[in-house]
Number of protein chains: 2
Amino acid sequence: MTPEFNLIQQYFTRPAAQADLGVGDDAALISVTPGQQMAISADMLVAGTHFFADADPYQLGWKSLAVNISDMAAMGAQPKWATLAIALPEINERWLAEFSRGFFACAEKFNVDLIGGDTTRGPLTISVQIMGEVAAGKALQRAGAKIGDEIWVSGCLGDAALALAHTLSKFNLPEAEFASCAKALHTPQPRVSLGLALLGLANSAIDVSDGLLADLGHILQCSKVGAEIHLTNIPKSSIVSNYFSINAVRQMALVGGDDYELCFTAPYKAHAEISRLGEYLDIPLSVIGQITGNTGLVVRGFNHEILDFKETGFDHFA
Amino acid sequence: MTPEFNLIQQYFTRPAAQADLGVGDDAALISVTPGQQMAISADMLVAGTHFFADADPYQLGWKSLAVNISDMAAMGAQPKWATLAIALPEINERWLAEFSRGFFACAEKFNVDLIGGDTTRGPLTISVQIMGEVAAGKALQRAGAKIGDEIWVSGCLGDAALALAHTLSKFNLPEAEFASCAKALHTPQPRVSLGLALLGLANSAIDVSDGLLADLGHILQCSKVGAEIHLTNIPKSSIVSNYFSINAVRQMALVGGDDYELCFTAPYKAHAEISRLGEYLDIPLSVIGQITGNTGLVVRGFNHEILDFKETGFDHFA
C-alpha cells in the first residue's frame, strides 16, 4: 500500500450507504434511482485564491463540500454522492484529521456519501465533485426565467463579504458581529430543502456564490431576459443593516460572493405558495424585483434612481 | 459574464451528445441507462508532481483524461462523461487552446462528453472526474481474484518509465527509441475495449498506473490472496528488451508507473477465450504468473530465484 492509499483509508473512508461500491477500487459504483436524472457539478478551491493557506481545516472541509452541495440545491437536486481530490504540500496528520472531520460533518448533515478520493503532493488544492438526483425533466435551470417572473432571494446577503472585508482589515466590525458574519463565510448552509421544494414552482434558479448581480446575470443571460431589482428589497441581516448606509456595504450585499443563498424566479401565481414554503421551512424568502423584457439588469436605489455598478461579482481571474 | 465563465465557454464547451444538460448551469444533467450501474473515478494531476510545468499542453490534455478513462477500463465500464476542474497561474490562450485540443482529442476517441468544468487561478493543477456505465453487478473489481487464477497483463510494461528516466537524464536512449517510449509516457491509450470484453471472463482487474508490483499488490490485498509471477514472462517492447539485462530497466518494467495497461486475473478455463480476445482486439495479452494461497507477492528471476524489490511503486508522497 502506498501512503496515498493509506491517507484515503485513514481519513476519507467511511461507510457509503448510498453507494454499491465506495472508496478503494479503480472506481466507485452507484445505482441511480429509476425515473431520476443525475445532477453533477465540480468545484475547485485553491489556497490563496479561495481561502487562506492557514484557514481552519475543519471549516475548510465543511465549506469545500458545502459550496458543491449548494449547486445541487440550485438545481433542485437531492445531493447523494461526492468525490474528493486533494493536493497537500505535506502529510500533516492533525490538519487531515480536522479537514476530514469538517468534510464529513457537512456530508452527514446533508446525507452525502464520499465515494471516491485522490490525495497527492502539491500546493494545497481541493477539488470536489458532487452528484445528486432530480426527477427527470424537473431540474431548476438558469434558462427558465420568464418575463413577469418575480425574483426571489433566500436568507440574507452580504454577511460573508462583510466577514471577509473585516478579515482583510478593509472594514472593522465589533467581535460579536464579526463572529456572526464569519459563520456565513466559513460554514455556509446550502439551501437543499428549499431547492427540492421549489421543483414545479420556480422557473429558474441559481445559488449566490459569485455575488447577486453576477449570478442573477447568469439567469438573465441564459434565459435571454432582463430584470429590475430594488436596493430596498435586498434581504439583510441585522448586522449588514447596521452598516447599509455605507456604500461599500451595499456593494457587499449586491456583488459580494460566498452567500450560498438561492436566487430564483417564479410566476406571480406561485407567490402565496412560495411564501408559505418559506414559513414552513423557516427560511426567509424575499422578492427583490421582477424579470423584464429588456436586456440587462437594472438596480434601483432608495429614490428609485438607477444605480451604476462597475463590479459585477467576484472573478477568480481578476 | 466573468472571465472564468468565458474560459469554460471558449475552450471547454463542446456538444455533449450523451448528456441531457452539459456545461453552463449549476450542474450537468445525465440519464443512466436502466440496468446499468454508474462507475465513477477522480484523479488529480499536479505540476511538479505528475508532470513538468512546461509539459506539452496538448499531451497534458490528452493524458489528464486518458488516465481517468483507464480507471473505467479497469472496471470493465464504458466511459461516457467527464468533468474538468483546472487551476491556472494565468490565462494563457495558446496553452488553453492546446490543452483543450488534446483533452477533446482523447474525449472524441473514447466517446466521452465533457459535461462540467471549473477554471480558477492557482498553481497549475488538473482535476478530472470520469463517469461511465457498467452492467449492474458485472464490474471488474480488485477483490475478485481466486487462488489458481492466471495473472494477465495487456500490452507491454516499462516504456513510459524508460522515457521518464531518459527525460530525467537517468538513462540515455537513442532519439528514435526515446520517441517511441515517449508516446507511451505522454499519450497513453487506455484499454477500454479490453476491459469491456473481460466482463464475465476476468475475476479481478486493475490498471497499471503506479507500477505492476504496486497495482497487483492492490488486487492481492483486496482479494486476500498471494501471487507468484515470473520475470521471464513480463511483456516488453523491443526497446525495453534491448536493455532488459540492466537491472534498472527490469525495475522500470516491474515498478515503473504510467503504463496504463490492464492487469487482470482469470480462471484457467477462460485461457483460450481470453487468448482469442487478444487476437480479435489486436492487443498482446500475456500470462505473467498465478494467484496463490500464500500471502504476498513473489517475483521469480531468470533462474527461478526469488527476487527482492524494495521499491513497490511510484508514491506521490515519497
For the CD1 atom of A:Ile40 and the OG1 atom of B:Thr83, what is their distance to the nearest 0.5 Å?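 OG1 of B:Thr83 is found 7.5 Å from CD1 of A:Ile40.
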Supply the atom-to-atom distance A:Gln129 CD to B:Ile130 CD1, rounded to the nearest 0.5 angstrom.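 Reported value, rounded in 0.5 Å steps: 10.0 Å.
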By number, which residues in residues 190-199 of chain B have some heavy atom less than 4.5 Å away from chain A? none
Do A:Met75 and B:Leu29 come within less than 4.5 Å of each other through their side chains, counting heavy atoms only?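 Touching, per the 4.5 Å side-chain cut-off.
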Pairwise side-chain contact, B:Val46 with A:Pro123, heavy-atom cut-off 4.5 Å (strictly under):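 Sidechains of A:Pro123 and B:Val46: in contact.
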Indicate the atoms forming the closest heavy-atom contact of [X] with [Y], along with that distance.
{"X": "A:Asp26", "Y": "B:Arg142", "result": "OD1-NH2, 3.1 Å"}
{"X": "B:Gln37", "Y": "A:Ser31", "result": "CG-OG, 3.7 Å"}
{"X": "A:Cys222", "Y": "B:Gly24", "result": "SG-O, 4.3 Å"}

In terms of heavy-atom pairs under 4.5 Å with chain A, which of B:Ser41, B:Ser127, B:Ala28, B:Gly137 leads?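 Of B:Ser41, B:Ser127, B:Ala28, B:Gly137, B:Ala28 has the most heavy-atom pairs under 4.5 Å with chain A.
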Criterion side chain to side chain contact (heavy atoms under 4.5 Å, CB included) against B:Met44, the qualifying member of A:Ile86, A:Ile126, A:Thr120, A:Leu84: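 Option passing the side chain to side chain contact (heavy atoms under 4.5 Å, CB included) with B:Met44: A:Thr120.
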Do B:Asp25 side-chain atoms and A:Gln141 backbone N/O form a donor-acceptor pair below 3.5 Å?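 The answer is no, because no donor-acceptor pair under 3.5 Å joins these two groups.
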Can you tell which of A:Gly132, A:Ala74, A:Gly116 has the highest number of heavy-atom pairs within less than 4.5 Å of chain B?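 Top option by heavy-atom pairs under 4.5 Å: A:Ala74.
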Using a heavy-atom distance cut-off of less than 4.5 Å, which residues of residues 65-73 of chain A contact chain B? A:Asp71, A:Met72
Part of B:Ala205 lying under 4.5 Å from any heavy atom of chain A: backbone
